[in-house]
Each structure stands twice: as structure tokens, then as C-alpha cells.
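All values below were derived from every heavy atom in this structure, side-chain atoms included, with hydrogens, water molecules and symmetry-related copies excluded. Bear in mind that the values here come from a model prediction, so they are computed numbers and not experimental data.
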Amino acid sequence: MQTDIAFHPQQLIPLVHAQHPLRRDVIRALQLCNAGYWETSQVVRLVAGGKDELLSEQLVLQTDTYSTMILDVLSDGRIGSIQFI
């Protein structure tokens, strides 16, 4: 996979809304995200240097296309990365 292709996390908002409707904080964080870039074939990095110690939680999303996606929610509320499993 080419790492210079942008990924726009706003496209995940309907999925989060459907599976986690009470997580308005995550929906808002996705609305505020800039485009991310593929770090590997399975990881989109949204925050430069998103360190593990800043990780607050991992929100799991199920999709037909990718099976499972994991949003890394940082302690400051931003989405640090998205993993496609």
C-alpha cells in the first residue's frame, strides 16, 4: 500500500454513530481530524508521534469491508491512529 495516500477519518463518523451513538466525543474528534497517512498497510496515523502513554482507550468498530477497526483514543481526546484488522 502506498503511504502517501491520504485517509480522511470523517468517513468513519456514520459508523461510530451507528455502533457507539453515545460517544459524541469520538464523533467530534473525528470531525476535527486532519487527513491521516498510511503508516503501514494496516495503520493510519493521525497524530504525529502518538505515544502509547497518551493512549486512553481503544474503540472497536466492526465493518463489512475491513472486519474490525480499532480507533486509538488519546488522553486529550484526539484520535491518534486507526488500525485495520
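Residue pairs satisfying the side-chain hydrogen bond (donor to acceptor under 3.5 Å, both in side chains) criterion with at least one member in residues 6-20, sequence neighbours excluded, are absent. Residue pairs meeting the salt bridge (Lys or Arg N to Asp or Glu O under 4.0 Å) criterion with at least one member in residues 73-85, sequence neighbours excluded: D76-R78. Pairs passing the salt bridge (Lys or Arg N to Asp or Glu O under 4.0 Å) check and including a residue from residues 7-16, sequence neighbours excluded, do not occur.
Annotation: side chain of I79 is not in contact with side chain of D72 (no heavy-atom distance under 4.5 Å). Looking at S81 and L46, their side chains never come closer than 4.5 Å, going by heavy atoms from C-beta outward. Side-chain contact between L55 and V73 is absent, with no heavy atoms from C-beta onward closer than 4.5 Å. Considering only heavy atoms from C-beta on, T68 stays 4.5 Å or farther from L61 through its side chain. Between E39 and V44 the shortest side-chain heavy-atom distance does not fall below 4.5 Å. Side-chain atoms of L74 and S56, non-hydrogen and from C-beta on, never get closer than 4.5 Å to each other. Under the 4.5 Å side-chain criterion, counting only non-hydrogen atoms from C-beta, M69 is not in contact with I85.
Legend: residues meeting salt bridge (Lys or Arg N to Asp or Glu O under 4.0 Å) with R23, ordered by chain and number and at least two apart, are D25, E57. Qualifying side chain to side chain donor-acceptor pair (under 3.5 Å) partners for N34, counting only residues two or more places apart in sequence or in other chains: none.
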Show the numbers, then the answer: is there a side-chain contact (heavy atoms from CB on, under 4.5 Å) between F7 and I82? CA-CA 10 Å; F7 179 87; I82 303 168; 3.7 Å; yes
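The same ILVMFWY cluster, assembled from side-chain heavy atoms under 4.5 Å apart, contains both F84 and I5.
Minimum heavy-atom separation, C33 to P9: CB-CG, 3.3 Å. Heavy-atom minimum distance, G77 versus A29: O-CB, 3.3 Å.
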